[in-house]
Enquirer: 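The structure follows.
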Number of protein chains: 2
Amino acid sequence: MVTLAEVAQHAGVSASTVSYVLSGKRSISASTRQRVEASIRELGYHPNAGARALASSRSNIIALMIPLRTDMYVPVMMEIAIAVTTTARAHGYDVLLLTGEEGPGAVRRVTGSGLADGMILMDVELEDERLPLLRASGQPAVLIGLPADTTGLTCVDLDWRATGALCVEHLAMLGHRDLAVIGEAPAVYERHTGFAERTLDGLRNRAAELGLRVLHRPCEGGYDAMAATLARTLDERPDTTGFLVQNESAVEPLLALLRQRGRAVPEDVSVAAICPDQVAVQASVRLTSVGIPAQEMGRRAVERLVAKLDGHTPDEVLLLPPHLTPRTSSGPAATRS
Amino acid sequence: MVTLAEVAQHAGVSASTVSYVLSGKRSISASTRQRVEASIRELGYHPNAGARALASSRSNIIALMIPLRTDMYVPVMMEIAIAVTTTARAHGYDVLLLTGEEGPGAVRRVTGSGLADGMILMDVELEDERLPLLRASGQPAVLIGLPADTTGLTCVDLDWRATGALCVEHLAMLGHRDLAVIGEAPAVYERHTGFAERTLDGLRNRAAELGLRVLHRPCEGGYDAMAATLARTLDERPDTTGFLVQNESAVEPLLALLRQRGRAVPEDVSVAAICPDQVAVQASVRLTSVGIPAQEMGRRAVERLVAKLDGHTPDEVLLLPPHLTPRTSSGPAATRS
DNA sequence: TGGCCGCATCGAAGCGCTTCGACTCCTTGG
DNA sequence: CCAAGGAGTCGAAGCGCTTCGATGCGGCCA
């Protein structure tokens with residue numbers, strides 16, 4: 001391995017000069033800079049990460065904690081992770097991947113060891129057990145997702161409440177009065193994942209304001225679960241004409257089952273989904289949907305974190321506004337006889 | 001931050017003693033060890049990663065390079081990534097996430113800076129541009145996927161050739177003579193991704209041996225693409241009774257389209273898939289499939305890498321044997337009139 | 001013309017840890 | 001009873017980098 005000292009010797013300057021060329025923290029004459037840069041290139045020098053971290057107490061690494069669970073739509077997680085990584089690189093940071101498996105202890109380990117300069121937590125629950133440790137550690141962090149108590153935390157998330165409301169408005173405008181909400185798996189609600197509860201909340205409030213009836217049913221993905229859920233729903237509310245799906249692996253089964261029952265989409269029933277755009281356009285019916293801005297969430301989270309690390313302390317909670325794209329799965333409610 | 005020296009002072013021993021307690025590289029009396037451990041706990045000491053890396057020239061980090069592309073089944077990538085991370089933790093390593101975006105230069109950067117002790121490359125192509133750099137760097141590495149030339153490399157992969165052959169055998173045994181292979185998107189073949197070509201290869205060879213006819217059609221995911229592909233396939237080979245799908249986002253469209261055309265599964269046509277088990281059981285018809293052992297691949301890759309880092313140099317290429325699970329999408333070919 | 005300031009550079013002191021040699025006991029075999 | 005050797009501990013020398021004075025030097029203002 002080539003070291004700073006070797007570069008310095010090769011360029012005929014002192015080690016500190018090379019260091020300043022690299023960091024730009026002091027002015028260096030053009031001629032010296034060029035000489036040093038030439039030596040760096042010629043010797044193929046790469047600064048040693050450990051030494052740099054030790055001397056500067058900055059690792060230039062940010063930790064990304066992703067959930068272990070697979071009961072939520074994985075591609076979204078992946079997209080966020082990739083957006084985080086590429087954005088981080090653009091700011092000169094690398095990304096350390098942590099899984100939920102290690103538990104809250106991971107926060108302490110990373111914090112304590114100086115492995116990372118800051119962290120990004122995904123899949124934050126309303127009462128997340130990692131938060132007390134986070135707050136105590138004083139580690140710069142950004143959450144993707146919104147806990148119940150956000151004091152002292154920086155969060156980035158889709159505005160789920162507005163998302164729910166937006167969907168209801170869309171269906172209401174089309175004349176639908178009875179809505180069924182096909183939700184995430186029961187486990188998602190049980191562990192109080194913020195986004196699921198908030199969506200429901202926003203959606204129910206708006207429905208109440210507009211005088212619509214809403215039936216909410218959590219649903220595991222797949223055909224069998226969806227079949228049972230649909231049967232029950234139509235039993236309980238035969239007049240349901242609007243479906244709102246917030247569970248990607250229930251989308252296709254629902255469409256197939258509606259077809260089976262002879263309910264045409266969108267003539268007999270309308271379907272709107274909260275899912276990645278890719279899912280919406282690849283489905284057997286092009287779905288009216290509110291997209292999940294995974295990339296933007298990842299990018300914003302990193303930008304916020306980097307700003308914190310640079311000493312700026314920007315706004316605390318950033319909610320991205322939802323966008324509904326009407327496609328062919330929703331239309332005017334059939335007028336009743 | 002608490003340092004080694006503070007722990008040492010607190011415990012009334014020298015710094016090196018604390019270090020040896022931590023690493024276990026020299027024998028320490030039980031009483032001293034206990035005293036030191038108590039101090040560590042009491043002070044909440046965590047060794048500084050940078051200092052440790054500098055002194056030992058080991059970062060205890062492994063780099064995982066994942067592809068940026070999203071034309072392949074993302075959940076599999078994610079599952080591998082998670083398996084890699086948890087296995088790595090179990091061996092005392094953290095995982096640094098690199099995306100393909102940075103290009104082959106990432107290999108050099110990580111190697112040169114001592115950021116990681118070794119790396120795992122995913123989505124390796126037959127003639128991967130990262131390999132020359134990897135070989136040159138001498139960095140311990142494990143590939144998930146098999147390049148054309150494996151000399152000097154350690155690789156872990158599903159035995160795709162055997163996978164293709166296994167599927168053909170299954171359908172042949174059921175009496176099918178005309179097979180259609182619905183493959184990955186054309187782009188996947190164009191960039192010479194090993195697994196796609198190998199599967200095809202294994203499958204064609206076995207089909208030739210058994211006297212079956214095979215039609216291979218790459219296919220983008222989604223309904224429209226699948227509809228076009230299916231129409232063309234049945235035009236060209238009306239007698240096709242066996243379908244083999246190696247593209248998760250074509251599975252459900254295919255099943256729906258077959259239904260539309262009045263071809264019952266498995267009575268009229270059989271369908272086998274190469275996909276994660278979860279996809280196979282969640283489909284509208286429970287699919288006969290060869291699973292993709294994502295977890296095992298991730299786990300094995302880490303184990304191989306850790307062995308290398310520990311100085312053992314185990315076998316170079318590890319091919320996992322495929323397993324076919326018969327479900328309800330395949331059955332005996334209808335006897336011809 | 002003298003004093004000052006700013007630019008460019010250097011030297012040295014760490015950052016917190018690992019590791020090697022050395023030292024002190026204490027046991028054990030001859 | 002002594003030499004040999006092992007167990008347990010310590011001190012010190014780095015690992016490669018950053019960063020804080022200190023230094024030398026030329027230009028500028030009064």
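Nothing here was measured: the structure is a model prediction, and the numbers come from that model. Hydrogens, waters and symmetry mates play no part in the numbers below; they use all other heavy atoms, side chains included. Sequence lines set the chain letters: A, B, ... in the order given, protein chains first and strands last, and positions in each chain run from 1.
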Enquirer: Determine whether Asn60(B) and Asp94(B) make a side-chain contact, defined as any pair of heavy atoms from C-beta on separated by less than 4.5 Å.
Expert: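 Heavy-atom side-chain distance check fails, nothing below 4.5 Å.
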Enquirer: Within less than 4.0 Å of OP1 or OP2 of dC17(D), is there a side-chain N or O belonging to Tyr45(A)?
Expert: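 Checking Tyr45(A) against dC17(D): at least one side-chain N or O falls below 4.0 Å of OP1 or OP2.
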Enquirer: For nucleotides 24-27 of chain C, list the nitrogen or oxygen atoms of the protein found under 3.5 Å from its nitrogen or oxygen atoms, one pair per line.
Expert:
none

Enquirer: Kindly state which residues belonging to residues 21-37 of chain A come within less than 4.0 angstrom of DNA chain D, counting heavy atoms of the residue only, listed by number.
Expert: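 Listed by number, they are Lys25(A), Arg26(A).
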Enquirer: Would you say that Val317(B) contacts Leu153(B) through its side chain, given a criterion of any heavy-atom pair below 4.5 Å between the two side chains?
Expert: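 No - every pair of side-chain heavy atoms lies 4.5 Å or more apart.
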Enquirer: Checking Asp117(A) side chain against Ile62(A) main chain: does a donor-acceptor pair fall under 3.5 Å?
Expert: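 Side chain of Asp117(A) to backbone of Ile62(A), a donor-acceptor pair under 3.5 Å: no, none is there.
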Enquirer: Let's see if you can work this out: which of dC10(C), dT18(C), dG11(D) has an atom nearest to the side-chain heavy atoms of Ser14(B)?
Expert: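 Out of dC10(C), dT18(C), dG11(D), the nucleotide with an atom closest to Ser14(B)'s side chain is dG11(D).
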Enquirer: Can you list everything that forms a side chain to side chain contact (heavy atoms under 4.5 Å, CB included) with Arg300(B)? Sequence neighbours excluded, please.
Expert: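 For Arg300(B), the residues satisfying side chain to side chain contact (heavy atoms under 4.5 Å, CB included) (neighbours in sequence not counted) are Val156(B), Glu296(B), Glu303(B), Leu318(B), Leu320(B).
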Enquirer: Can you check whether Ile82(B) reaches Thr85(B) side chain to side chain, under 4.5 Å on heavy atoms?
Expert: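 In short, these two side chains do not touch, never coming nearer than 4.5 Å.
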Enquirer: Step through the shown structure and confirm whether more than 12 heavy atoms of other residues, nucleotides or ligands are within 6.0 Å of CD on Glu6(A).
Expert: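 Counting neighbours around CD of Glu6(A), more than 12 heavy atoms of other residues, nucleotides or ligands fall under 6.0 Å, so yes.
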Enquirer: Could you tell me the separation between the CZ atom of Arg304(A) and the CD1 atom of Ile144(A), rounded to the nearest 0.5 Å?
Expert: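 Spacing of CZ (Arg304(A)) from CD1 (Ile144(A)) equals 12.0 Å.
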Enquirer: When the C1' atoms of the five terminal pairs at each end define the local axes, what inter-axis angle does the helix from dT1(C)-dA30(D) to dG30(C)-dC1(D) show, to 10 degrees?
Expert: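 About 40°, once rounded to a multiple of 10°.
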Enquirer: Give a yes or no on whether Gln9(A) atom CD has more than 12 heavy-atom contacts from other residues, nucleotides or ligands under 6.0 Å away.
Expert: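 No, the 6.0 Å shell around CD holds no more than 12 heavy atoms from other groups.
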Enquirer: Any side-chain heavy atom of Thr32(B) within less than 4.5 Å of one from Thr17(B)?
Expert: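 With C-beta onward as the side chain, the pair touches.
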Enquirer: Side-chain donor or acceptor of Tyr20(B) under 3.5 Å from a matching atom on the base of dC20(C)?
Expert: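 It does, because a donor-acceptor pair links the side chain of Tyr20(B) to the base of dC20(C) below 3.5 Å.
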Enquirer: Below 4.5 Å, heavy atoms only, C-beta onward: do Val302(A) and Tyr93(A) meet side chain to side chain?
Expert: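 Answer no - side chains too far apart.
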Enquirer: Using every non-hydrogen atom in the two residues, find where Leu158(B) and Met297(B) come nearest and quote the distance to one decimal.
Expert: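 Shortest heavy-atom contact: N-SD, 4.2 Å.
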Enquirer: Once you apply a heavy-atom cut-off of 4.0 Å, does Ser19(B) come out as touching a base, just sugar-phosphate, or nothing?
Expert: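 It contacts base atoms.
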Enquirer: Report the distance from atom CG of Asp149(B) to atom CD of Glu127(B), rounding to the nearest 0.5 Å.
Expert: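 It comes to 8.0 Å.
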Enquirer: If you count heavy atoms of other groups shown closer than 6.0 angstrom to CD of Gln295(B), is the number above 12?
Expert: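 At most 12 heavy atoms, drawn from other residues, nucleotides or ligands, come within 6.0 Å of this atom.
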Enquirer: Classify the nucleic acid contact of Ser16(B) as base, sugar-phosphate or nothing, counting any heavy atom under 4.0 Å across all strands shown.
Expert: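 Base: the residue Ser16(B), judged by heavy atoms under 4.0 Å, touches a nucleobase.
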Enquirer: Find the distance Leu115(B):CG to dG16(D):P and express it as a whole number of Å.
Expert: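 Distance, rounded to whole Å: 16 Å.
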Enquirer: Quickly work out the Leu4(A) CG to dC10(C) C1' distance and round it to whole Å.
Expert: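 Going from Leu4(A) (CG) to dC10(C) (C1'), I get 14 Å.
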Enquirer: If you check every side-chain atom of Val13(A), which of dC17(D), dC10(C), dG16(C) has the closest atom?
Expert: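 The closest nucleotide is dC10(C).
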Enquirer: Within residues 49-61 of chain A, find the residues that approach DNA chain C with a heavy atom at under 4.0 Å, and present them sorted by residue number.
Expert: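 Leu54(A), Ala55(A) - these, ordered by number, are the residues of the stretch whose heavy atoms sit under 4.0 Å from the strand.
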Enquirer: Mind checking what makes side chain to side chain contact (heavy atoms under 4.5 Å, CB included) contact with His46(B), not counting sequence neighbours?
Expert: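 Scan of His46(B) (side chain to side chain contact (heavy atoms under 4.5 Å, CB included), adjacent residues dropped) gives Arg108(A).
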Enquirer: For Gly12(B) and Val18(A), find the nucleotide of DNA chain D closest to each by heavy atoms; which residue's nucleotide sits nearer the 5' end?
Expert: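 Its nearest nucleotide lies further toward 5', so the answer is Gly12(B).
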